[in-house]
Amino acid sequence: MANFQKLTPRSEDYSKWYNELVVKADLAEQSAVRGCMVIKPYGYAIWETIQAELDKRFKEKGVKNAYFPLLIPKSFLSREAEHVEGFAKECAVVTHHRLMNDPEGKGVVVDPQARLEEELIIRPTSETIIWNTYKNWINSYRDLPILCNQWCNVMRWEMRTRLFLRTAEFLWQEGHTAHATKEEAEDYARQMLDVYADFAEKVMAIPVVKGVKSPNERFAGALNTYCIEAMMQDGKALQAGTSHFLGQNFAKSFDVQFLTNENKFEYVWATSWGVSTRLMGALIMTHSDDNGLVLPPHLAPIQVVIVPIFRKAEQLGELLEKINPIADQLKALGIRVKVDTDDKYTPGYKFADYELKGVPVRLAMGGRDLENGTIEIARRDTQTKETVSIDGIVNTVQALLEEIQTNLLQKALSFRVENTRSVDSYEEFKEEVKKGGFILAHWDGTPETEQRIKEETKATIRCIPLPELKEFQSEPGVCMVTGKPSAGRVVFALSY
RNA sequence: CGGGUAGUAGUUCAGCCCGGUUAGAAUGCCUGCUUUGGGAGCAGGAGGUCGUGAGUUCGAAUCUCGCCUACCCGACCA
């Protein structure tokens, strides 16, 4: 047996495990640029599936895709006071437009003559450039609503970065909608949150808590921020998506008014919503184990891998006579199948490798199976395998993929339930927070109290759960810190 | 951005303290033979401006300083 490198176990060092997994499962790697990653083909294939699934759901909500510029005039950012306050510290700025040969012969230097009159900001988010554009698109109530989304990259000059979880440049989608009424905009922001939650649970098998952010955690420039919060295996919370009700803030900053059917001018109501490549991080930290990635079938680039076990080329041919029809039938059902006929690696190597890559179902067939009319079927999520008759294998696999999808969600949900608890005293809270998980506690609703809790325990309010989440509702009580009245428990946790 | 650790072959690392031929190992990679039911074996081969720029020195992977990058702890954030 050769010396192969296993992943650092999660119990030993969770973040080391995460970093190694991302690289070894071939999802992404560091680039030459600080904080910026290269997303490798296998990782990007997962992202493309995420995109495709979300895009389909957006379009069902009437959203159309568009594209706005990467660069934003510096002056735009200062139009909305809170917005600039929120992003100013992490912006990359373009100041020149030309290079020249170094007069001293050391490569190229920035041409000082080529300084821009107004600096351009590499978008950290696109509200400003989009609202500047919407101004030209909107005259009357008949122009509304505008429901646009763009898939793009953004840049936030983060101090400390981690692959997928927090990179200086990341990929995302940002939806920006314009509405005639407050009610319609609020409702739309809420609906998009449902789209995200449904996607997270059905496709990514990640259970999420839908809620609203406390004022401290709200998006810069928003009146209300809805979010979905997920619990990672180490008990920390990860914000998986946000949907903002922006009120008329951006309309006022960019003077976007429309004429109502009563011939009056009114400011437009806005929403914005987004999810990013951070979802990849959520995916990894929700399902994967010490043997590598575990992918929910709905997202797996390869859903089923078939490994023939053979000695000679003739034997491979015999095996393929059985395997190819199975692969074809699976493909006909829309299942993504790979038949691995490579003769360079041994079956053992392949098994370990596909486990590292998170392929949900593995079929293996060798000489014994040929004689017996059987096939070995192994599932990634439970690490179990059995030898079954080749008859009906196609239906078995199809059903198993759905079972794995369901099982992953259930497993993640159970984990969250086990690690969610109510706490009433602040002393107890301080102890419980260290153990990780979600803590449901009463809070007086003030930013001061939240800030104090954050400073003393590092825990933040992840969200105030929506009323529809029955298991998160509670009787009114008193704040665990100040003793002042509290309408209901909110979710506290350490977070990414 | 502050404190700490590190950067040598594709990867993981040894060598550095105490400067001195041609910089090593394992693994991976290539070729051939052999093997294939949980990371096979043998033989041969390719692969490194020692992160980068200065400096000290007759001589630097090794000593000094700057810079870059990664990781950990803070502050900041999706």
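Each chain gets a letter, A, B and so on, in the order the sequences are listed, and its residues count up from 1. Because the structure is predicted, anything quoted here is derived from the model rather than measured.
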[N] to [M] separation - [atom1] atoms, rounded to the nearest Å:
N: B:rU62; M: B:rG55; atom1: P; answer: 14 Å
N: B:rA43; M: B:rG51; atom1: P; answer: 33 Å
N: B:rC13; M: B:rC67; atom1: P; answer: 26 Å
N: B:rU12; M: B:rG48; atom1: C1'; answer: 15 Å
N: B:rC68; M: B:rG53; atom1: P; answer: 15 Å
N: B:rC16; M: B:rC1; atom1: C1'; answer: 31 Å
N: B:rC65; M: B:rC71; atom1: P; answer: 25 Å
N: B:rG59; M: B:rG19; atom1: P; answer: 15 Å

Within the 4.0 Å heavy-atom criterion, would you say [X] contacts the bases, only the backbone, or no part of the nucleic acid?
X: A:Gly281; answer: nothing
X: A:Gly274; answer: nothing
X: A:Thr161; answer: sugar-phosphate
X: A:Arg162; answer: nothing
X: A:Leu165; answer: base

Salt bridge [X]-[Y], side-chain N to carboxylate O under 4.0 Å:
X: A:Glu371; Y: A:Arg368; result: no
X: A:Glu450; Y: A:Lys454; result: no
X: A:Lys435; Y: A:Glu432; result: yes
X: A:Arg379; Y: A:Glu386; result: no

Would you say [Y] and [X] are linked by a side-chain donor-acceptor pair, where the criterion is simply a distance under 3.5 Å?
X: A:His176; Y: A:Ser272; result: no
X: A:Tyr18; Y: A:Asp234; result: no
X: A:Arg462; Y: A:Thr460; result: yes

Complementary nucleotide for [N] - Watson-Crick or wobble, under 3.5 Å:
N: B:rG48; result: none
N: B:rG2; result: B:rC73
N: B:rG24; result: B:rC13
N: B:rU36; result: none
N: B:rC63; result: B:rG55
N: B:rU31; result: B:rA43

Given RNA chain B, 5'-ward residue of the pair A:Asp353 and A:Lys16, judged by closest heavy atom:
A:Asp353
For A:Gln239 and A:Tyr349, find the nucleotide of RNA chain B closest to each by heavy atoms; which residue's nucleotide sits nearer the 5' end?
A:Tyr349
Decide yes or no for [X] and [Y]: does some side-chain heavy atom of the first lie under 4.5 Å from some side-chain heavy atom of the second?
X: A:Lys322; Y: A:Asp369; result: no
X: A:Gln173; Y: A:Gln51; result: no
X: A:Arg10; Y: A:Asp289; result: yes

Only pairs at least two apart or in different chains count here, so list each side-chain hydrogen bond (donor to acceptor under 3.5 Å, both in side chains) that has a residue in residues 29-40 of chain A.
A:Asp26-A:Lys40
What integer distance in Å separates A:Lys344:NZ from B:rC33:P?
16 Å
Can you measure A:Met365 atom CE to B:rG37 atom C1' for me and round it to whole angstrom units?
13 Å
Please enumerate all protein N or O atoms sitting under 3.5 Å from an N or O of nucleotides 34-36 of chain B, with distances to 0.1 Å.
from   : atom 1 : to       : atom 2 : distance (Å)
B:rU36 : OP1    : A:Arg311 : NH1    : 2.4
B:rU36 : OP2    : A:Arg311 : NH1    : 2.6
B:rU36 : N3     : A:Phe310 : O      : 3.4
B:rU36 : O4     : A:Arg311 : O      : 2.8

Charged tip of A:Arg380 within 45° of A:Tyr354 ring normal and under 6.0 Å
no
Walk me through it: do A:Phe164 and A:Trp47 pass the test ring pair (Phe, Tyr, Trp, His ring centres under 6.0 Å)?
CA-CA 11 Å; A:Phe164 289 122; A:Trp47 176 242; 8.7 Å; no
Whether the side chain of A:Lys385 and the base of B:rG38 hold a donor-acceptor pair under 3.5 Å is what I'd like checked.
yes
Residues passing the ring-ring contact (aromatic ring centres under 6.0 Å, His included) test with A:Tyr345, sequence neighbours excluded, are A:Tyr349
Table of protein N/O atoms under 3.5 Å from nucleotides 49-54 of chain B N/O atoms:
none

Can you tell me how the ring of A:Tyr196 sits relative to the ring of A:Trp273, calling it parallel under 30°, perpendicular over 60° and tilted otherwise?
perpendicular
Give, ordered by number, those residues of residues 288-301 of chain A having at least one heavy-atom distance below 4.0 Å to an atom of RNA chain B; if nothing qualifies, reply none.
none
Taking all atoms of both residues into account, what is the closest heavy-atom pair of A:Ile50 and A:Met204, and its distance?
CD1-CE, 4.1 Å
Between protein and nucleotides 73-77 of chain B, what N or O pairs are separated by less than 3.5 Å?
from   : atom 1 : to       : atom 2 : distance (Å)
B:rC73 : OP2    : A:Arg160 : NH2    : 2.6
B:rG74 : OP1    : A:Lys458 : NZ     : 2.6
B:rC77 : O2'    : A:Glu158 : OE2    : 3.0
B:rC77 : O2     : A:Arg166 : NE     : 2.1
B:rC77 : O2     : A:Arg166 : NH2    : 3.2
B:rC77 : N3     : A:Arg166 : NE     : 3.1
B:rC77 : N3     : A:Arg166 : NH2    : 2.6

